[in-house]
Amino acid sequence: MSINLEKTFQDALEQVKTWARTNSPWLIHFNSGSCNGCDIEILATLTPRYDLERFGVKLQGSPRHADILICTGPVTRQARERLLRVYEQMPEPKYVVAVGSCAISGGVFQGCYNVIGHIDQVIPVDAYVPGCPPRPEAIIDGVIKLLKSLEAQEQTA
Amino acid sequence: MQKNDQADKFIIPIGPQHPALKEPGHFEFTVDGEIVTGATIRLGYVHRGIEKATESRTWVQNLYLLERVCGICSHIHATAYCLGVERLAGLSVPPRAQAIRELVVELERIHSHMLWLGVAAHEAGFDTLFMYSWRDRETVMDILEGLTGNRVHYSANILGGVKIDVDAEQTKTILQGVDFLEKRTHHYLDVVTTDSAFVQRTAGIAVMSKAVAEHFGAVGPTARASGVTQDIRIDAPYLAYEDFPVEIVLDTAGDLKARFVVRVQELFQSYQVIRAILDKLPAGELAVTMPRRIKENETISRVEAPRGELFYYLKSNGTDKPERIKIRTPSICNFGTVPALAAGHQLADMPMILAGIDPCFSCNDRMVTIHRPADDSQTWTWEMLRQYGISYYREKER
Ligand code: SF4
């Protein structure tokens with residue numbers, strides 16, 4: 001019987017990576033045309049009442065350090081390129097959470113001449129949090145659900 | 001060694017995605033060592049084309065669209081729009097509705113100023129104050145949610161009145177909340193004026209004289225911190241500001257500290273007005289019926305948003321849709337002051353200077369075409385704007 005050492009090692013490495021990430025993911029936030037309401041609620045999740053950081057989640061500035069991209073707003077023509085660039089700068093594996101009706105469908109801004117559309121027309125999205133804007137609890141729930149699904153993936157793998 | 005002028009100059013690009021502000025904007029600072037010698041700002045990342053979009057929606061639909069111009073001062077946008085449309089249609093709105101609108105406007109001002117206080121403190125590296133002010137801000141968010149059902153876009157207004165009422169129970173919670181916040185605000189005033197580390201970051205930084213403020217057309221607390229006596233609530237009272245007036249808060253220092261002090265002291269004015277309104281809330285109807293179509297007419301509407309004067313121009317054409325709506329938001333007026341104030345300061349002061357005007361990008365990003373008087377007038381149609389947008393960005397991608 002031959003054991004593929006290389007493969008076993010790779011699998012183990014993947015598992016360790018997922019384990020580490022699901023325990024303490026770093027988030028980056030990008031606003032591609034939102035009205036600000038969603039952004040403020042994302043910021044509110046960090047503050048004492050909601051305190052997202054108790055889950056080991058940290059909001060930080062550079063795409064190169066981030067595991068999860070939180071997107072708000074519809075995608076405007078000018079922000080599209082930046083959104084793509086931020087996404088491409090993030091290291092693999094990466095996940096995207098679309099926060100707010102605008103990010104999901106374009107919301108009230110559907111059909112505006114400078115709006116291309118919603119987030120998943122530009123980059124792949126892993127979790128959607130509906131609301132205009134979603135409550136901070138909902139945003140936390142969205143992120144936690146994403147983490148849970150990653151854990152589940154790990155177990156089945 | 002010879003000094004080479006060119007080599008000393010660095011341009012530091014920041015944004016549009018950057019950790020300091022939650023909204024996209026692109027800045028380029030020319031620096032000489034640590035000192036900033038020039039600044040340019042590029043806005044427009046969140047330009048969506050709302051003004052044009054209003055022309056293809058009905059008067060009622062536009063209320064919800066315009067509320068979403070800005071997620072911080074959403075109610076004031078809806079109020080400015082409602083006041084304008086009601087004037088166009090010749091409606092007289094019941095006094096109770098006007099008073100409730102004013103109540104929500106002032107609650108919104110509290111939430112906006114506390115939010116700003118936290119963000120500005122965060123820019124100064126004073127995260128404790130950020131956490132405290134945002135914790136206390138939840139009190140007013142709870143009040144707003146209890147009153148209107150939502151934390152951000154309240155939709156308290158309808159054309160012709162309001163759709164919410166204030167009962168005795170709510171009055172009690174609001175008053176309790178306001179008492180608590182007032183106590184905390186005294187504390188904040190204390191912190192921003194006496195905390196020595198904080199005062200070092202703000203006192204004497206980015207001083208704007210009254211003349212400069214007037215030259216750039218600064219508005220709101222930014223202008224009032226430089227001694228410009230301008231507050232639409234007093235200069236041209238709308239809603240119920242005649243019955244429930246506020247006093248102007250001025251400072252003549254013109255530096256960052258003055259901007260902190262003016263905003264924090266404005267909170268006291270808001271508390272006082274809220275108490276006055278709840279004490280003498282006029283009885284009566286909440287709304288009158290609004291006609292679907294409005295005959296040809298035009299009007300303006302001016303209100304004092306948390307960041308300064310907000311201006312709406314509205315034109316109707318006899319149908320159920322507007323002919324033209326023009327919005328001028330306070331942030332765009334204040335933005336002009338930033339490059340002027342930046343020169344001569346440390347690079348590390350830039351986030352503070354920027355935060356000092358309380359910028360809000362989502363209401364900033366609008367399109368302006370400059371039109372010389374000699375040209376024939378021109379109308380941009382929906383299709384032309386779309387084509388213009390597409391070709392502009394194609395061009396840029398090349
Ligand atoms: S979903 Fe609502 S709050 Fe969020 S960006 Fe869109 S309009 Fe603003």
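Quick note on labels: first sequence line is chain A, next is B, and so on, each numbered from 1. Predicted, not measured: the structure shown is a model, and the values here were computed from it.
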Between A/Gln89 and chain B, with a heavy-atom cut-off of 4.5 Å, which part of the residue counts as in contact: side chain, backbone, both or neither? neither
Between A/Arg49, A/Arg85, A/Glu41, which residue shows the highest count of heavy-atom pairs closer than 4.5 Å to chain B? A/Arg49
Flag yes if more than 12 heavy atoms outside A/Arg64 fall under 6.0 Å of its CZ atom; otherwise flag no. no
At a heavy-atom distance under 4.5 Å, which candidate from B/His153, B/Arg137, B/Arg151 has the highest pair count against chain A? B/Arg151
Which residue pairs satisfy the ring-ring contact (aromatic ring centres under 6.0 Å, His included) criterion with at least one member in residues 55-76 of chain A, sequence neighbours excluded? none
Which of parallel (below 30°), tilted (30 to 60°) and perpendicular (above 60°) describes B/Tyr154 and B/His111? perpendicular
Residue selection (most heavy-atom pairs with chain A, distance under 4.5 Å) from B/Met141, B/Glu145, B/Glu138, B/Met131: B/Glu138
Inter- and intrachain pairs under side-chain hydrogen bond (donor to acceptor under 3.5 Å, both in side chains), touching residues 126-135 of chain B, at least two apart: B/His122-B/Asp127
